[in-house]
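Everything numeric in this text was worked out from a predicted model, so none of it was measured.
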Amino acid sequence: MTTIAAPRTPARPARSKGVNWEKWGWIYMRASGVILLVLIFGHLFVNLMVGDGIKAIDFAFVGGKLSNPFWQWWDVAMLWLALIHGGNGMRTLVNDYATGRTIRGVLKIAILAAVAILIILGTLVVFTFDPCPAGAPADLLASFCPAN
């Protein structure tokens with residue numbers, strides 16, 4: 001009598017069609033981490049080492065930086081990358097440690113909401129910041145502000 005063996009299961013399951021979000025999340029974490037290192041250390045170098053160093057950081061210094069489109073975009077890039085990077089890391093933790101499907105979904109929605117709200121608020125602050133507020137004491141204003 002001849003016995004026919006059952007077919008072997010493949011070493012790995014057949015790849016499903018569609019986008020592999022986990023792979024792209026992994027790639028994003030590595031790429032954003034490298035870019036964030038450049039942005040953060042550039043930010044720290046300019047704020048702490050150039051010019052008068054930490055003694056120069058006051059409202060006028062921040063107002064001067066945030067009135068320059070280059071620094072606005074630098075700070076927004078740092079904000080967006082850091083928040084999305086952190087949110088993706090938190091999503092990974094939720095996937096690893098949350099046991100129930102419902103709680104996992106609720107936590108991921110909460111993370112997404114928090115990241116989205118912080119990105120919107122932070123971007124608004126950077127682009128709507130007024131370095132020359134009306135009624136501010138003249139000694140606190142940046143040098144480029146007209147005297148009130």
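- I103 and G100 get closest at one heavy-atom pair: CG2-O, 3.2 Å.
- Note that CG of L118 is 12.5 Å distant from CH2 of W80, once rounded to the nearest 0.5 Å.
- For the pair N95/E22, a side-chain contact is recorded, criterion being any heavy-atom separation below 4.5 Å from C-beta on.
- Scanning both residues, S32 and H85, for their nearest heavy atoms gives OG-ND1, 2.7 Å.
- The shortest side-chain heavy-atom distance between M90 and L107 does not fall under the 4.5 Å cut-off.
- From I35, atom CD1 reaches atom OH of Y28 across 8.0 Å, with rounding to the nearest 0.5 Å.
- When the side chains of ILVMFWY residues are joined at heavy-atom separations under 4.5 Å, either directly or via intervening members, W73 and V62 end up in a single hydrophobic cluster.
- Neither V38 nor F41 shares a network with the other; the hydrophobic side chains, linked directly or stepwise wherever heavy atoms of I, L, V, M, F, W or Y lie under 4.5 Å apart, form separate groups for each.
- The hydrophobic cluster containing I40 also contains F70, counting ILVMFWY residues as joined when their side-chain heavy atoms lie under 4.5 angstrom apart, directly or transitively.
- The shortest side-chain heavy-atom distance between K65 and N47 falls under the 4.5 Å cut-off.
- Hydrophobic cluster membership is shared by V126 and I57, with clusters built from Ile, Leu, Val, Met, Phe, Trp and Tyr side chains linked at under 4.5 angstrom.
- What you find for W71 and V46 is that their closest heavy atoms are CH2-CG2, 3.5 Å.
- Note: N88 CG to L93 CG = 10.0 Å, rounded to the nearest 0.5 Å.
- Of all heavy-atom pairs spanning I111 and R91, the tightest one is CD1-N, 4.0 Å.
- The distance from the CZ atom of F61 to the CG atom of D52 is 9.5 Å, given to the nearest 0.5 Å.
- Within 6.0 Å of CG in L37 there are more than 12 heavy atoms belonging to other residues, nucleotides or ligands.
- Going from atom CE of M78 over to atom CG of L83 covers 11.0 Å, rounded to the nearest 0.5 Å.
- Shown here for I119 and T123, the closest heavy-atom pair between the two residues is O-OG1, 2.7 Å.
- Of all non-hydrogen atoms in L81 and L39, the two that sit nearest each other are CD1-CD1, 3.8 Å.
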